[in-house]
Structure formats: structure tokens, C-alpha cells
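What follows is a short report on a single structure.
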Protein chains: 4
Amino acid sequence: MTADAELRLRADARRNRDQIIAAAKQVFGESGPEAPMEEIARRAGVGIGTLYRRFPDREALIRGVARDNFAAVLAEARAAAAEEQTAWQALVRLIGRSSELQLSVQLGLVSPVARQVIRSDPATAEYREAILSELDDIVRAAQAEGALRDDVGTGDVALIVSMLLRPLPLADGESATLMRERVAALLVDGLRPGTRLPGRPITGAELRP
Amino acid sequence: MTADAELRLRADARRNRDQIIAAAKQVFGESGPEAPMEEIARRAGVGIGTLYRRFPDREALIRGVARDNFAAVLAEARAAAAEEQTAWQALVRLIGRSSELQLSVQLGLVSPVARQVIRSDPATAEYREAILSELDDIVRAAQAEGALRDDVGTGDVALIVSMLLRPLPLADGESATLMRERVAALLVDGLRPGTRLPGRPITGAELRP
Amino acid sequence: MTADAELRLRADARRNRDQIIAAAKQVFGESGPEAPMEEIARRAGVGIGTLYRRFPDREALIRGVARDNFAAVLAEARAAAAEEQTAWQALVRLIGRSSELQLSVQLGLVSPVARQVIRSDPATAEYREAILSELDDIVRAAQAEGALRDDVGTGDVALIVSMLLRPLPLADGESATLMRERVAALLVDGLRPGTRLPGRPITGAELRP
Amino acid sequence: MTADAELRLRADARRNRDQIIAAAKQVFGESGPEAPMEEIARRAGVGIGTLYRRFPDREALIRGVARDNFAAVLAEARAAAAEEQTAWQALVRLIGRSSELQLSVQLGLVSPVARQVIRSDPATAEYREAILSELDDIVRAAQAEGALRDDVGTGDVALIVSMLLRPLPLADGESATLMRERVAALLVDGLRPGTRLPGRPITGAELRP
DNA sequence: TATGAATGAGTGTTCATTCAT
DNA sequence: CATGAATGAACACTCATTCAT
């Protein structure tokens with residue numbers, strides 16, 4: 001029904017909605033999901049009233065952004081699985097940064113406010129399930145290839161991705177890139193078969209907020 | 001002089017000051033360094049005016065907390081180096097969580113506000129240098145032991161610690177502990193000699209804010 | 001552009017802006033330009049938020065009041081020059097009280113805060129120049145008429161006006177009026193030709209803040 | 001009784017009290033009688049607690065300053081009358097500035113808070129009566145000398161003095177001095193016999209707050 | 001429907017005054 | 001008695017949200 005409602009929007013309203021979501025993604029990425037609503041409206045080029053007509057409060061806006069963002073991440077995961085030669089390569093590609101994935105981590109893991117909102121949104125939950133299920137397939141396949149150690153679960157992988165993607169406000173430019181690449185390489189090294197991890201694999205299911 | 005000034009505080013003022021720092025550590029840890037000042041005052045059991053007499057503005061409070069916290073981390077690092085059998089074990093002990101270290105990461109890396117304040121505080125800067133120098137010794141010793149791969153620098157290690165210690169608001173209790181332990185183990189595995197990392201080792205000096 | 005911006009205000013916003021300026025004039029006149037903002041908002045019949053939307057801080061409000069007030073004083077000076085038979089009469093009329101002129105003195109001479117704000121506002125500066133230039137004409141004309149001693153300059157006259165108009169919180173009603181009239185008369189007597197003043201005439205230019 | 005109480009103070013307490021009054025005179029002169037109490041305590045070199053022990057609240061401090069100040073002005077007036085050759089010269093000397101007299105004007109005429117306090121203090125009232133009575137004598141004598149126009153009363157003179165002594169924050173140094181001298185000269189010119197003033201003389205009695 | 005104006009609750013900070021040391 | 005610590009009320013300013021145009 002919500003989806004239907006969105007489809008029925010007039011063209012200009014639709015355009016406004018899209019611009020608001022895009023602006024909110026930017027602003028949430030920069031300043032987190034507690035950023036002033038007016039800043040988002042300004043960035044979207046609409047009045048604050050228009051923003052509130054489309055999203056009656058901050059929660060609704062976070063919900064809208066989260067849905068859009070999770071859908072994008074799902075698409076990326078599917079593309080990686082479909083286009084890469086091996087599951088391991090798909091995994092490495094995913095661990096490599098994408099700004100949508102980074103925003104997902106912000107919304108779903110870092111910001112308490114956003115977590116709370118997302119937790120109670122069935123639509124977002126569905127996307128999350130789909131993403132985790134896709135990741136699950138990739139993880140199993142990579143293990144079948146012998147490229148990924150057997151004692152990690154989808155949850156372990158997701159956790160690692162989430163740690164890597166947290167914003168790292170240290171150096172700028174190349175330096176930051178170098179740092180991130182090296183930490184990623186260290187983690188990837190750790191994911192290779194060879195040693196034993198403590199405990200049991202963490203499943204994707206355990207990551208539900 | 002500041003230290004002297006602090007020592008000369010009347011007994012009750014001293015007690016209040018300590019309670020305020022303690023409360024601020026808690027609250028900053030939970031809600032970050034932009035948390036309401038009144039919340040901190042309440043938690044410390046003092047009036048808002050008392051807080052402001054001791055720390056004339058938020059910056060001063062952040063500075064006070066950072067100094068106290070960095071001093072504690074330095075002590076922990078020295079204790080680990082002194083008490084563990086090998087440098088590698090000292091390193092692993094450090095990578096294992098400590099709430100003081102976690103707060104350091106919050107203040108020094110995650111929060112832009114706190115970073116800005118710390119950056120311009122010479123006292124905190126001294127502690128940071130001392131901590132990095134201590135870590136430097138440990139890293140070199142562990143490499144001499146053959147326990148740590150040669151192509152990582154102090155900066156790489158510090159980065160990894162900082163990633164691990166970023167708050168992970170997922171599950172509570174055992175589950176969170178398990179997750180953290182496993183990610184730590186993956187990273188530790190990655191730190192073992194065996195493969196090559198891209199780029200060059202990152203030094204501690206590169207982490208200066 | 002500012003003027004344009006003001007013209008473009010929606011009717012209700014315009015009305016509120018005017019009420020705020022009017023209230024601020026009152027309150028500034030009574031309690032000076034450090035009076036509580038809430039008092040001004042209450043007097044204007046608007047919420048505090050509305051006041052701050054229109055004038056983002058106290059400085060902006062002072063600036064708004066000063067412009068409005070200086071414009072009114074300029075109009076009064078021109079009217080006096082145009083409507084009175086002689087320049088001397090115009091001068092006497094100006095020296096006689098006007099509440100706008102009194103507020104100008106408050107803002108431009110008495111209150112250090114307001115002086116500081118006005119000093120850095122080009123729009124107000126223009127009004128001040130225009131007022132002084134108008135006064136200059138009147139002073140010269142009155143001297144040409146032989147009605148005003150030659151050894152005073154525009155600055156002397158402005159100073160005298162400013163002294164006369166400083167709030168005199170002594171008696172109320174008739175009594176205050178009588179007092180002011182007599183002091184004005186004494187000063188006017190002093191302005192008549194006859195004796196010599198020490199020093200040189202003070203020019204209007206010397207009164208720039 | 002109050003006076004008695006003051007006399008009985010221990011030497012050190014007496015010294016503190018005097019320093020506080022002196023500091024308050026300075027600070028009131030600079031920032032008006034609403035200046036922070038701590039500033040006064042600091043300037044006096046005592047703790048804020050000591051200030052409050054001596055003067056239980058701001059009113060009491062203002063009262064203390066006003067008594068001290070009015071006493072000093074009375075002494076100055078008597079000295080002028082006694083030491084100058086003619087009453088007119090005594091008058092001119094009084095109109096010339098004295099910082100005590102200036103403070104009196106601040107307290108008794110300009111600041112609403114101080115006025116309110118002084119109004120209800122009998123001790124200050126007595127001083128004021130004495131000052132006005134002294135001034136009365138001078139004015140009458142100057143009129144008898146033929147040096148002062150007959151149609152002004154003590155109140156007129158006091159008003160003029162109060163206008164002249166209001167702080168004039170315009171220029172600094174020489175310029176300010178020049179301005180003040182010229183305005184004083186204009187007023188003195190106005191006080192010479194020659195023309196008629198409107199209304200009737202204002203008596204000193206009419207100046208009671 | 002889009003806009004941006006109005007509102008007021010929330011938070012930072014200052015300072016007069018009281019009170020423990 | 002002197003000191004300076006503690007308190008909380010007061011005020012500036014911001015921002016989420018509602019509502020008139």
C-alpha cells in the first residue's frame with residue numbers, strides 16, 4: 001500500500017520526493033541522521049513544508065532513506081554475485097567500499113536513532129533479510145571454493161564489513177585510502193583458511209537489530 | 001600549573017571534580033561528547049553551575065576527560081608491556097577491550113568535536129605521543145619475536161585497534177562479546193606473518209590529528 | 001538587497017517584523033539594548049522563535065531598529081528644515097524633543113553595545129551621514145542669518161542635542177517637561193552670538209563613531 | 001546605629017570594607033551598578049564571600065557606595081565654597097568635572113536600579129539634602145554677585161551639572177576633553193544674566209528622587 | 001499543493017546569592 | 001571571620017513541527 005501510494009504521486013511530487021531522499025542521503029552521510037531538517041530541505045531545493053508533507057516526521061524520512069538505501073545495497077550485492085567469476089571475488093568486491101553500503105552501516109549499526117526506526121519498519125526488514133540471504137549464498141559458495149575459512153559465518157563477514165565501513169575521519173585523500181586498503185587487506189588475510197576462530201560461526205540471523 | 005591548580009582544590013571541590021569527570025566519561029561513552037551538560041551534572045550528582053565552575057564550557061570538559069582518559073590508557077599500555085611474557089601477548093591484551101581505550105577511540109577518532117578540542121590541547125598531545133611511543137616499542141618487539149608480520153607499522157596496529165573498539169551497538173551481553181572476540185581473532189590472524197600487504201607500513205606519526 | 005528582501009516579505013511576516021521593530025524601540029528606549037529578547041517578543045505579541053527568524057541575533061535586531069530610527073530622524077530633520085521659516089527656528093525645533101531623536105542618541109551615543117553594532121553597519125552609516133549633512137546645512141544657514149554664534153560647528157550642536165536628549169529619569173509629566181525646556185533654553189541662550197568659546201568648532205565629521 | 005556598627009569593625013574587616021567600596025566605585029563607574037559582583041570582589045582583592053558578608057546583597061553595596069560618594073561630593077562642594085574667591089567661581093569649579101561628582105550623577109540620575117535603592121535610604125537622603133543646601137547657598141550668592149542670572153534656581157544648576165557629567169563615550173583623550181569644555185562653556189554662557197527663561201526657577205527640592 | 005512563517009520546548013551558559021570549609 | 005564552592009533561576013539561541021498563505 002505504501003508502495004502503491006508512492007507510485008500514485010504526481011510527477012512533480014514524485015520528483016520532489018526523490019530529491020528529498022537524495023539530499024537526505026547526502027546530509028545523513030555527512031552529519032548523521034540528526035541533522036537539521038531545514039538543511040535537508042534546502043539541499044533538496046524544496047521548502048521545509050514540502051519535506052514534511054512527504055515525510056511527516058524525522059522517523060518517516062529515515063525510513064524512506066533506509067528503504068531506498070537498502071534496496072540499492074541489495075542490488076549491488078546481486079550484481080557482485082552475478083558479475084564476478086568467483087564467490088570470493090564477489091566478497092572482496094563487496095568489502096571494497098561503496099557509498100551506499102557505507103550509509104547502510106551508518107543507518108543500521110552506528111546511529112542509535114536510525115537503528116531504532118529501522119528496527120520497527122517491516123519494509124526495511126524485508127530488504128535486510130534479502131541482503132543477508134544474498135550474502136549467505138556468497139559466503140557458502142566462497143567456502144565451497146575453498147577460498148574462505150569454514151569457521152566464519154555470514155554474520156562474521158557482515159560484522160567485518162561494518163567495521164571497515166565506519167567513517168574514519170583521520171587523514172584526507174590518499175592517506176585515508178591507503179589506510180583503509182591496508183586494514184581491508186589484513187582482514188581479508190584473516191579470512192583465508194588456516195587457523196581456528198574462537199566460538200562458533202555467527203549467522204546472519206544473529207545480526208537482526 | 002594546571003596540575004598544581006587541580007591539586008590545590010578543596011576536598012569537596014576535588015570530589016566533585018572527580019565525580020564530574022567520571023560522569024562525563026560514562027555519558028560521553030553512551031551518547032558522545034555532545035550530550036546535554038545537564039545530564040552529566042545530574043549523573044555526577046551536582047548542580048549545573050558546579051559543572052560550569054569546574055569546566056567553563058564544553059571544550060574544557062572534553063579536555064579534562066581526554067586527559068584523564070589518555071593517562072589511563074597510557075598506564076594500561078605500560079602495564080601490559082611490563083606484565084606480559086611476550087610483546088605479542090601484550091599486544092593481544094591491548095587489542096582486547098578496555099573501556100578506557102574504547103573511550104579514547106571515541107574521543108580521538110570518532111567524534112569530530114572532540115577531535116578538534118584534543119588537537120589543540122598540548123597536555124593531551126603529550127599523552128598521545130607517549131602512548132604511541134609505548135605502542136611503537138611493543139610493535140617492534142613483537143616483530144623481533146617473529147610473532148608479528150614485518151610489513152605493518154604502529155599506525156596499522158593503532159588503526160586496527162580503533163576499528164575494533166568503535167562502539168558496536170548490536171547485541172547485548174554475551175553475543176556482543178562473542179562477536180568482538182571473533183573479529184579480534186580474525187584481525188589477529190591477519191597480523192601473523194605470512195602474506196604481503198599493499199603499500200608501506202603506516203607509522204604512528206601518521207596518526208596525529 | 002536587504003531592502004528588497006524586506007519588501008518581499010509575506011503580508012503577515014511584514015506585519016510581525018514591523019511589530020517587532022516597534023516593540024524593540026519601546027523596550028530599548030526603556031531598558032536599553034540589552035533588554036531580554038523575550039520581553040521584546042512578548043511586547044510584539046509574537047513567539048521568541050519568530051523574533052529570531054526575523055533577526056537572527058541581538059545584533060541584527062539592533063541594526064534593524066537603528067536603521068528604522070535613523071531614517072525617521074532624517075525625515076524629521078528634513079521636515080524641520082523645509083517647514084520652518086528660519087534655519088534658527090528649524091534648529092530650535094530639532095533641539096526640542098522627539099522620541100525618535102532620543103532613541104538615536106541612546107543607540108548611537110549612550111549604549112556601547114549598540115554603538116559597536118551601528119559602527120559596522122554601512123546602511124546605518126549612510127543615514128548618519130545624511131543626518132549630519134542636513135544638520136550641517138541648518139547650522140550654516142543659521143549662522144548666515146546671524147542667529148547662531150559663528151564659533152560653533154555642527155559637532156557642537158549635535159553634542160548639545162545629545163546631552164539634552166539623554167533620558168532624564170527624574171520627575172514625570174509636567175515637571176520633566178519644564179526641566180527639559182529650561183535646560184534647552186539655557187543652551188539656546190548659550191548658542192546666541194556674543195561671547196567666545198574655547199578651542200575650535202567641532203565638525204560633524206568628528207562625531208563619527 | 002549603622003555608623004556605629006561600622007566603627008566597631010576590626011581593623012582588617014574595616015580595611016576590607018574600604019577596599020570593596022573603592023573597587024565598587026571603580027567598577028560602577030566603568031560598567032554601571034549591574035556589574036558582576038565577582039568582578040568587584042576580585043578588584044577589591046577579597047573573596048566573593050567576604051563581599052557578601054559586608055554587604056548582604058547588591059542593594060546594600062550600592063547603598064554603601066552611594067553614602068561614601070555623596071559624602072565626598074558634599075566635602076568637595078564645601079571646599080569649593082570655602083576656597084574660591086567668588087560664589088560664581090565656586091560654581092564654575094563645581095561644574096568642572098570631578099569623578100566623584102560624575103559617579104553621583106550615575107548613581108542618582110542615570111541608573112534606574114541605583115536610583116531606586118538610593119531613594120529608600122535615609123542616610124543617603126541626608127547627604128543629598130546637605131549637598132543641595134550647600135549648592136543653594138552658592139547659587140544665591142552668585143546671584144547676589146550679579147554673576148548668575150536671577151531666573152535660575154538650584155535645581156536648574158543641578159540639572160545642568162548632571163547633563164554635563166553624563167559619560168560621553170565618543171572620542172578619547174583630548175577630543176573628549178575639548179568637547180566637554182566647549183559644551184560646558186556654552187552652558188556657562190547661558191547661565192550669565194541677559195535673557196529670560198521660560199517657566200519658573202526649579203528648586204533643589206524638586207530634584208528629590 | 002508548495003511554501004515559508006510561527007511556535008515553543010530544549011539546551012548552553014552566566015551570575016546572584018547561600019553555605020560548607 | 002575569610003574563602004571559594006554549590007546552587008539554580010534567567011536569558012540567548014536553535015530546531016522540530018504545525019499552520020496560514
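Naming: A, B, ... by sequence-line order, numbering from 1 per chain. For the numbers below, each heavy atom of this structure counts, side chains included, while hydrogens, waters and symmetry mates do not.
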Just how far, in rounded Å, is P of E/dA2 from CD1 of A/I20? 9 Å
Determine, step by step, whether B/R63 and B/I118 satisfy the side-chain contact (heavy atoms from CB on, under 4.5 Å) criterion, reporting the C-alpha distance in whole Å, the side-chain angles of both residues, the deciding distance to 0.1 Å, and the verdict. CA-CA 6 Å; B/R63 223 164 13 240; B/I118 289 175; over 6 Å; no
When rounded to the nearest 0.5 Å, the distance separating CZ of B/R17 from CZ of B/F55 is 4.0 Å
Show me the donor-acceptor pairs within less than 3.5 Å that the side chains of residues 18-30 of chain C make with the rest of the protein, sequence neighbours left out.
residue: C/D18; atom: OD1; partner: C/R14; partner atom: NH2; Å: 3.1
residue: C/K25; atom: NZ; partner: C/D68; partner atom: OD1; Å: 2.5
residue: C/K25; atom: NZ; partner: C/E100; partner atom: OE1; Å: 3.3
residue: C/K25; atom: NZ; partner: C/E100; partner atom: OE2; Å: 2.9
residue: C/Q26; atom: OE1; partner: C/R43; partner atom: NH1; Å: 2.5
residue: C/E30; atom: OE1; partner: C/R43; partner atom: NH2; Å: 2.9
residue: C/E30; atom: OE2; partner: C/R43; partner atom: NH1; Å: 3.4

Look up atom CZ in B/R67 and atom CG in B/D121, then write down how far apart they are to the nearest 0.5 Å. 4.0 Å
By side-chain contact (heavy atoms from CB on, under 4.5 Å), which residues pair with A/A125, not counting sequence neighbours? A/R128
Whole angstroms only, please: what is the CD1-P distance between A/I62 and F/dA16? 11 Å
Under 4.0 Å protein heavy-atom contacts per nucleotide of nucleotides 7-17 of chain E, with B for base, S for backbone only and - for none: BBB--SBB-SB
Sequence-distant partners of B/V105, side-chain contact (heavy atoms from CB on, under 4.5 Å), two or more places apart: B/L109, B/V110, B/S162, B/L165, B/R166
Sequence neighbours excluded, which residues qualify as side-chain contact (heavy atoms from CB on, under 4.5 Å) partners of A/E38? A/R42, A/I48, C/R53
DNA chain F in dot-bracket, Watson-Crick or G-U pairs under 3.5 Å, [ ] crossing, | other strand? .||||||||||||||||||||
A/R115 side chain to A/G108 backbone, donor-acceptor under 3.5 Å: yes
Does D/R54 place a side-chain N or O at less than 4.0 Å from the phosphate oxygens OP1/OP2 of F/dA2? yes
Write down the distance between CZ (D/R42) and P (F/dT3), rounded to a whole number of angstrom. 14 Å
